[in-house]
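One-based numbering along the sequence shown. Ligands are counted one by one from 1 in listed order, and the atoms in each one are counted from 1 as well. We use all heavy atoms of the structure for the numbers below, so side chains are in, but hydrogens, waters and symmetry mates are not.
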Amino acid sequence: MRLETVEPVRLADYRPSDYAIDTVDLAVAFHEAETTVTATLALRRRDGTPPGAALLLDGDDITLGSVAIDGKVLPPETYTAAPEGLILQSPPADPFRLTLVTVLDPAANTKLMGLYRSNGVWCTQCEADGFRRITYFLDRPDVLSVYTLRMEADRAAAPVLLGNGNRVEAGDLPDGRHFAVWHDPWPKPAYLFALVAGDLAAKRDTFVTASGRTVELGIYVEHGNEGRIDYAMDALKRSMRWDEEAYGREYDLDVFNIVAVSDFNMGAMENKGLNIFNDKYVLADPDVATDSDYAGIEGVIAHEYFHNWTGNRITCRDWFQLCLKEGLTVFRDQEFTSDMRSRPVKRIADVRTLRSHQFPEDGGPLAHPVRPDAYKEINNFYTATVYEKGAEIVRMLKTLIGDDAFRRGMDLYFDRHDGDAATVEDFVACFAEASARPLDDFMLWYRQAGTPVVEIAETYDADARTYRLAFRQTVPPTPGQPRKAPMVIPVRFGLVGSNGADMTYQAAEGAEVRDDVIVLTEARHEVVFHGVAERPVPSLFRGFSAPVKPQLQSAPSDLTFLMRHDSDSFNRWQAASSLAMTMLVAGAEAVRGGATPRIDPGFLDALDETVANPSLDPAFRALMLAVPGENDIAREIGENVDPDAIATAHRTLRAAIGARMETTLAHVVSDASAAGDGPFRPDAAGAGRRALVNAALDLLSATGRIEVLEAVERRFDSATNMTDRVAALSILVHRHAPGAAAALDRFHARYGHVPLVVDKWLAVQATAPDTGTLDRVKALTTHPSFSFRNPNRTRALVGSFANLNPTQFARPDGAGFGFVADTVILLDEKNPQVAARIVTSFRSWRSYEPRRRALAEAALHRIAAKPGLSRDVGDIVERTLA
Ligand code: TRP
Ligand code: ZN
């Protein structure tokens, strides 16, 4: 395959650039047909660079107008210019100003990297290496410059002109044109550069910082969406306050703007003072946004804002250090949400995401360390491993050294590295220093890929009153890492006594045991607790204290005991989840052997008791009802997977829950309707109540009773918010209710003009678990509401089908794989980044049973064989097949 020839970039090869760029002056002139960019870079040799050393600037698809040094246009023989780079063979020895004129066609930029047009709005996306699509540059995160940007455009076409930093000048020009000049005093790498020019509506507000400075806030959206900004603005102000209170971090400019655009490759981008967002993470009102949309907005607004310190003020030395900003910022946004909402509920949600996204990555051909040591295409490393496992590492660090030392370490990091392009080593050193605990062994979490397995065995000696826990950890081999060393694993724990309370013990030996944390550092530990009055039920990895797979052969009665009594909410949920998983795995096995899955009545009793308990948070009860999904079961089975058998086992368990818990679930529904809706509030309490009712209806409908489906259809029509409406629609469609098709039509008639709601309509259809789904999905690709040019539409239809419809993606005739492969091949021409994401849905292809495995492999080979395949897709396919 062609890609074998692309040489990887290696961490070991890092060296600083020969030249520094102290200032960047950009003049951007927007016209309908083309945009010209005049960039003036103040270049200077770094210490140690010999005079006259060649200057190599990065480029990508650049059309060059002219090159000048200190105002004099260069004759063509003094430089080499190509779309992918510019070389000056012998630049001046003294600091000089290089002026580059480039000509861009933003409307033709379908990759959505660099400068592009989204629904008529000019905007940019420069991370990771998009700035080189605007002008030639030292496009690497360790080159920090002070930027000044002058934009000019037709006033009617683009009344709004936004850049990084503060606006220092603006005014009219002849011919209906106008201009604005933005200056950002904070030196930054090019990936944080941004501009926006267009006709947008805005909502403005102010924020007074802890030290009393007033910051002007603005959120810009396409016209027609001005009524959907309030929640994002509120989330922004709460984020700003939280970072002051939790970390002592204040905002550092006079202006903070957010722009929502409809065509965007990922969630959002933290450009200095000018965050640009996928509009999905800004726009909300109760009629169009679900509770999970609101939660997503709150989390992403916070995430991007928090980057101002963790990412912008302290940036990354190179892209191998990506987790330095992403893992840490995810950790920070998770903590923010925990403080805003419910901590246990947030933790359970995050662990579910980690297991559903990161575990399969870590256990498959795309596994890589949180800090990779080589890459062919950096855009393929914005992964669940870097983000979510990266956040887990920060969380473990906090567990290991304690809250106070952790905060001191963060303070030290902000203090010592402000203005730096830093490394993971720099970061971890701050915590070692603050805690006086050497963390060299802990660094393995950044270098070693794969999810550790921790096997646990327990014994109680009643005569000696000792309780032993034997731990054995193994880290599976991953690509390029056949052998692994033991990791530092913090195990938060409790020994639960028969009265349900945590027991005390006199002493512990065999490992470092501090308060309620055991620290494993070796492959094996035997921890002995002395003075233990009775045989405890162990509650291990409370709060999911490490991203590992614990294996303890617990008696089902221990797990139902923990479901009822554990003081740690996470482990109450985990106990239910583990019990359900055991049944589901055995159930899938039974189905394949032609038998019926067996359901443990003790589990159903404990679940019923929990869900009926009015003193528990409704959101928590809703999570208890969410048994492991089909993809989770497949991952647990690991090999020779038959998605149809899994689906049957899954359906059987859910129907059994629906039948056994009918009284409780019906009460949940009727209590809620008796209490009435009240005014809609998108807060955690309201969202939790809605989640519980919708989970109850979903399980009741799993029994297939027609009265339930009729009630759901009435609920669909009378819903006063999108959460309830789309939950009802999904039940109707997925359970083949008689009214399903008509409900889909009514939904489209009402919301067809709201693209973000069209996404829900597409996703509900793409995830229907029946054999007609593939044809429907294919038909939808030509529906007027659909477009492959828009990443959100593409992900809603094709991404949902490939990732959330396991039986239809992996149809035994291979047609599901074939369709996704065709889509990837088509999409690769337009938007390789989005295409590459979709290919990752093949990552677990080796765990299918032989027939499906062969079909998936053939689909992958077909993608690989496409002439001119992008580096993005090529890299994923190559690693997936390796
Ligand atoms: N840095 C962004 C974040 O995590 C994400 C990001 C990286 C991104 N590359 C991108 C967004 C490309 C859009 C397009 O907050
Ligand atoms: Zn981020």
**Asked** Would one find more than 12 heavy atoms of other residues, nucleotides or ligands at under 6.0 Å from atom NE2 of H357?
**Response**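 Open: at most 12 neighbouring heavy atoms sit under 6.0 Å from NE2 of H357.
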
**Asked** Does Y220 OH have over 12 foreign heavy atoms under 6.0 Å away?
**Response** yes

**Fill in**
Honestly, for Q125 the part within reach of ligand 1 (heavy atoms, under 4.0 Å) is side chain

For [atom], what is the closest protein heavy atom, and at what distance to 0.1 Å?
{"atom": "atom 11 (C) of ligand 1", "value": "M266 CB, 3.4 Å"}
{"atom": "atom 4 (O) of ligand 1", "value": "Y387 OH, 2.5 Å"}
{"atom": "atom 6 (C) of ligand 1", "value": "E127 OE1, 3.9 Å"}

**Under 3.5 Å: donor-acceptor pair, side chain of R132, backbone of D139** = yes

**Prompt:** So, T337 side chain and Q334 main chain: donor-acceptor pair closer than 3.5 Å or not?
**Reply:**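 No: the side chain of T337 does not pair with the backbone of Q334.
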
Looking at ligand 1, does any of its N/O atoms fall within less than 3.5 Å of an N/O of [X]?
{"X": "Q833", "answer": "no"}
{"X": "Y382", "answer": "no"}
{"X": "N379", "answer": "no"}

**Asked** Within the stated cut-off of 2.8 Å, is an N/O/S atom of E326 closer than that to the Zn ion (ligand 2)?
**Response**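 An N, O or S atom of E326 is closer than 2.8 Å to the Zn ion (ligand 2), so yes.
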
**Message:** Can you confirm whether or not the ring centre of F406 sits under 6.0 Å from the ring centre of F431?
**Reply:**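 Yes: the rings meet the under 6.0 Å criterion.
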
**Asked** About how large, to 10 degrees, is the angle NE2 of H303, then the Zn ion (ligand 2), then NE2 of H307?
**Response** 100°

